[in-house]
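In what follows, a single structure is set out as structure tokens and then discussed.
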Amino acid sequence: MSGGDIAGLIAAGVFALLVLLLAVPILKLGGVFDEVRTSIRSISDGATPLMDEVTATVSTTNEQLKKVDGIASNVSDASANISALSSLMAATMGSPLIKVAAFSYGIRSAFAGRKKPATGRRSR
């Protein structure tokens, strides 16, 4: 055996040792990837029912909002009807009531002017 053969054997041994030293972190990294895959699978399995529940909740909420929209529409119609009725009552009864109030005020003023006796003045 020559010196080149011995140097080749030493280099091969060092290379084999290097491969063994690098194999340990690579195996540990493989274990980490297995754990990550397991975690992702469990998250995915847990997320599917959650998504179904969220979909059901959104669907129910939309139905309730449709009902609330109908109620709000009915309230709006009722308030418009009440406003129209109020305007009608003001137009129908307002003018005669104002006339009656003015007439009664005139009568009160006339009677109030009659009832006052003329006091405080004496004739000489």
Side-chain angles (χ1 to χ4, degrees):
M1 256 205 244
S2 67
D5 290 338
I6 295 174
L9 284 174
I10 292 174
V14 169
F15 183 72
L17 184 65
L18 180 64
V19 168
L20 287 175
L21 288 176
L22 289 177
V24 173
I26 290 173
L27 289 175
K28 287 185 180 182
L29 186 62
V32 169
F33 284 144
D34 288 339
E35 287 294 322
V36 168
R37 181 178 35 217
T38 305
S39 297
I40 290 173
R41 186 174 293 134
S42 68
I43 288 171
S44 175
D45 292 343
T48 303
L50 182 64
M51 291 294 211
D52 292 340
E53 289 179 20
V54 167
T55 303
T57 302
V58 168
S59 173
T60 305
T61 302
N62 284 338
E63 291 174 10
Q64 294 299 322
L65 285 176
K66 286 178 185 176
K67 290 179 183 178
V68 168
D69 188 37
I71 292 170
S73 175
N74 291 339
V75 168
S76 174
D77 291 344
S79 68
N81 290 339
I82 290 171
S83 175
L85 183 63
S86 172
S87 297
L88 178 68
M89 288 301 291
T92 304
M93 301 297 283
S95 178
L97 285 177
I98 291 172
K99 289 178 182 177
V100 167
F103 180 73
S104 66
Y105 177 74
I107 290 176
R108 275 187 308 200
S109 296
F111 283 133
R114 276 181 140 183
K115 290 182 180 179
K116 286 185 180 178
T119 57
R121 290 192 172 200
R122 291 182 151 180
S123 19
R124 292 186 202 198

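Each residue takes its place number in the sequence, starting with 1. Atoms considered below: every heavy atom in the structure, side chains included; atoms not considered: hydrogens, waters and symmetry mates.
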- ILVMFWY cluster membership beyond Val58 - transitive side-chain contacts under 4.5 angstrom: Val54

Could you pull out all donor-acceptor pairs under 3.5 Å where a side-chain atom in residues 2-29 meets a protein atom, sequence neighbours excluded?
none

- Task: Measure the spacing between CD1 of Ile43 and CG of Leu50 and express it to the nearest 0.5 Å.
- Result: 12.0 Å

- Note on the structure: The remaining residues in the hydrophobic cluster of Ile98, counting side-chain heavy-atom contacts under 4.5 Å among Ile, Leu, Val, Met, Phe, Trp and Tyr, are none

- Query: So which pairs with a foot in residues 71-90 pass side-chain hydrogen bond (donor to acceptor under 3.5 Å, both in side chains), sequence neighbours left out?
  - Reply: none

- Message: Please enumerate all residues that pass side-chain contact (heavy atoms from CB on, under 4.5 Å) together with Phe103, with sequence neighbours excluded.
- Response: Ile107

- Connected-component partners of Tyr105 among ILVMFWY, side-chain separation under 4.5 Å: none

- Which residue pairs pass the side-chain hydrogen bond (donor to acceptor under 3.5 Å, both in side chains) test with at least one member in residues 56-69, sequence neighbours excluded? none

- Apply salt bridge (Lys or Arg N to Asp or Glu O under 4.0 Å) to Arg37 and list each qualifying residue two or more places apart in sequence or on a separate chain. Asp34

- Query: Which hydrophobic side chains are connected to Ile71, either touching it within the sub-4.5 Å cutoff or through other members that do?
  - Reply: Val75

- salt bridge (charged side-chain N to carboxylate O under 4.0 Å, His left out) contacts in which one or both residues fall within residues 43-58, not counting sequence neighbours: none

- Message: I'd like to check the side-chain contact (heavy atoms from CB on, under 4.5 Å) partners of Ile82; sequence neighbours left out, ordered by chain and number.
- Response: none

- Shortest non-hydrogen pair, Ala101 vs Ser104, comes out as O-OG, 2.9 Å

- With sequence neighbours excluded, what pairs up with Val36 under the side-chain contact (heavy atoms from CB on, under 4.5 Å) test? Val32, Ile40

